[in-house]
J.: 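Here it is: the structure, laid out below.
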There are 2 protein chains.
Amino acid sequence: MTIADLIENYIKQQLHRSGNQAIALSRAELAELFSCVPSQINYVLATRFTLERGYLIESRRGGGGYIRIARVTKADRLDMAEQLVLEIGPQISESEAEQFLANFHDLGVLTEQQMRVVRAVLQRETAQIAQGKATLRASLLRGLVILTMQCGRMNEV
Amino acid sequence: MTIADLIENYIKQQLHRSGNQAIALSRAELAELFSCVPSQINYVLATRFTLERGYLIESRRGGGGYIRIARVTKADRLDMAEQLVLEIGPQISESEAEQFLANFHDLGVLTEQQMRVVRAVLQRETAQIAQGKATLRASLLRGLVILTMQCGRMNEV
DNA sequence: CCCTCCCTGACCATATCTGACCTTTGCTTT
DNA sequence: AAAGCAAAGGTCAGATATGGTCAGGGAGGG
């Protein structure tokens, strides 16, 4: 558990408490609370509270400045997931794939565990080949996500 | 008894102690404990803790990095299917893929519906590309089957 | 002798954390 | 107003801490 993780959890907890809407924080106070430099807060925000993960950040400097963190509302999760699948191009890098997985997870399409399995399969299958990794990864990701969504649906019934 | 074996046993012991769920390790510490180079740990993980054997590995680099080993097994079904998955070569034709699907179905690894989904995904994903159809098909089939097995297992619990 | 498995070390990739320096905003003083 | 000052927050390069990869050497059983 790094400081970044602790800060992340704290912020999410605060968000949850506020009804998953939005909260306003003071960067300096947060840094004080966790005994770190203020820029550490920016680091956490930049790496954990991105738009892809469903968060909106806005801030103001100067006296009375603040950092506002809002949860992005999603209309229909499956629709968005389908949109995401469509957005996976012919090729995709490892980190991009990770982004997509995080997205699906945030949308509630993939559980932690399902995500792990998909990730493991992706790594496993792309590890062997020399060329065309990105292409294979894209195809696999699409397929695995689609299948997982189906699994989820089947299990619900 | 090689060092690799010792490390393997140690990890399995730790897993057992944790109730066969999951454990987090530090690669550096483990290497230190067994007086070997860190990459030796990777070797053990890559050869002994594979998906086929029922283990899931995930890791993170950088500060606060870790290696997480999770058990996903219930060996019987895996053993059967593992054999099949292993037999899928680097490339596979459409009709061969169909054969494998039938086999998985006969083993009770895939339900009718899961088979249909896998088939659909295979067709869908290989339809787009011009070259390397057989290779992609093999990778996808392996991945989809593994994923489906995992899904099945997860739901049983 | 050859093959497979084990082991090592050099080099690479990535996450976290810090501090120096910069920008914006509001209030106060001329 | 304009200038000056204080109080936020922002950026970025670099240090530190992990883990990953790969080619090659070595050991032991056919």
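Naming convention: chains lettered A, B, ... in sequence-line order (proteins, then strands); numbering from 1 in each chain. In what follows, every heavy atom counts, from backbone to side chain, and hydrogens, waters and symmetry copies are set aside.
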J.: How long is the line joining CD1 of Ile67(B) and P of dA17(D), in whole Å?
T.: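 These atoms are roughly 18 Å apart.
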J.: When only distance counts, do a donor and an acceptor, one from the side chain of Ser39(A) and one from the base of dG19(C), lie under 3.5 Å apart?
T.: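 Side chain to base: pair found, below 3.5 Å.
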J.: Tyr43(B) near the nucleic acid: base, sugar-phosphate alone, or nothing, with a heavy-atom cut-off under 4.0 Å?
T.: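 If one applies the 4.0 Å heavy-atom cut-off, Tyr43(B) turns out to touch a base.
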J.: Find out if a path of hydrophobic residues (ILVMFWY) with successive side-chain heavy-atom gaps under 4.5 Å connects Val37(B) to Val44(B).
T.: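 Val37(B) does not cluster with Val44(B).
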J.: Nearest heavy atom decides the nucleotide; on that basis, is Gly63(B) or Thr47(B) closer to the 5' end of DNA chain C?
T.: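 The residue mapped nearer the 5' terminus is Thr47(B).
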J.: Test Ser18(B) against Gln21(B) for side-chain hydrogen bond (donor to acceptor under 3.5 Å, both in side chains), laying out the working first.
T.: CA-CA 6 Å; Ser18(B) 79; Gln21(B) 293 307 307; over 6 Å; no
J.: Between Thr2(A) and Asp5(A), do the side chains contain a donor N or O and an acceptor N or O under 3.5 Å apart?
T.: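 Result is yes, a qualifying pair exists.
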J.: Send over the distance from Glu94(A) CD to dG19(D) P, rounded to a whole Å.
T.: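 Going from Glu94(A) (CD) to dG19(D) (P), I get 17 Å.
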J.: Which one, dT8(C), dG9(D), dG10(D), comes nearest to the side chain of Asn42(A)?
T.: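 The nucleotide sitting nearest to the side chain is dG10(D).
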J.: Hey, could you give me the CZ/CD distance between Arg119(A) and Glu98(A), rounded to the nearest 0.5 Å?
T.: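 Going from the CZ atom of Arg119(A) to the CD atom of Glu98(A) covers 4.0 Å.
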J.: For Ser26(B), which contact category applies under a 4.0 Å heavy-atom criterion: base, sugar-phosphate, or nothing?
T.: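 Ser26(B): backbone/sugar contact only, no base atoms under 4.0 Å.
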J.: So for Arg61(B) and dA15(C), does any side-chain atom that can act as donor or acceptor lie under 3.5 Å from a complementary atom in the base?
T.: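 For Arg61(B), whose side chain was compared with the base of dA15(C), there is no donor-acceptor pair (under 3.5 Å).
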J.: Once you apply a heavy-atom cut-off of 4.0 Å, does Ile41(A) come out as touching a base, just sugar-phosphate, or nothing?
T.: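 No contact.
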J.: Write down the distance between CZ (Arg68(A)) and P (dG10(D)), rounded to a whole number of angstrom.
T.: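 Value for this atom pair: 15 Å.
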J.: Reading DNA chain C from 5' onward, which residue's closest nucleotide shows up sooner: Met1(B) or Gly62(B)?
T.: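 Result: Met1(B).
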J.: Nearest to the side chain of Gln40(A), heavy atoms from C-beta on, is which of dC17(C), dT16(C), dG19(D)?
T.: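 The closest nucleotide is dC17(C).
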J.: Rounded to the Å, how far apart are Leu45(A) CG and dC17(C) P?
T.: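 Whole-Å distance recorded here is 14 Å.
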J.: Rounded to whole Å, how long is the line connecting atom CD1 of Ile57(B) with atom P of dG20(D)?
T.: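 My rounded result for the distance is 9 Å.
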J.: With a non-hydrogen cut-off below 4.0 angstrom, is Gly65(A) in contact with a base, only sugar-phosphate, or nothing?
T.: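 Sugar-phosphate contact only.
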J.: Which value, rounded to the nearest 0.5 Å, describes the distance between Leu25(A) atom CG and Leu30(A) atom CG?
T.: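 Between Leu25(A) CG and Leu30(A) CG, I get 5.0 Å after rounding to 0.5 Å.
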J.: Whole angstrom is fine here: how far is it from CZ in Phe49(A) over to P in dG10(D)?
T.: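 Those two atoms, CZ and P, are 15 Å apart.
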J.: Describe the nucleic acid contact of Arg48(A) in one word from base, sugar-phosphate, nothing, applying a heavy-atom distance below 4.0 Å.
T.: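 Touches sugar-phosphate only.
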J.: Hydrophobic cluster membership, with links at side-chain heavy-atom distances under 4.5 Å among I/L/V/M/F/W/Y: are Tyr66(A) and Ile41(A) in one?
T.: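 Tyr66(A) does not cluster with Ile41(A).
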J.: Which nucleotide in the set dT8(C), dG19(D), dG9(D) lies at the smallest distance from any side-chain heavy atom of Ser59(A)?
T.: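 Closest of the options to the side chain of Ser59(A): dG9(D).
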J.: Please state how far atom CD1 in Ile3(B) lies from atom P in dA27(D), giving the value in whole angstrom units.
T.: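 Going from CD1 in Ile3(B) over to P in dA27(D) covers 13 Å.
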J.: Take the protein atom OH of Tyr66(A) and the nucleotide atom P of dT25(C), then report the distance between them rounded to whole Å.
T.: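 It works out to 10 Å between those atoms.
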J.: Which of the following nucleotides, dT11(D), dT16(C), dT21(D), is nearest to the side chain of Arg60(B)?
T.: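 Nearest to the side-chain atoms of Arg60(B), counting from C-beta on, is dT16(C).
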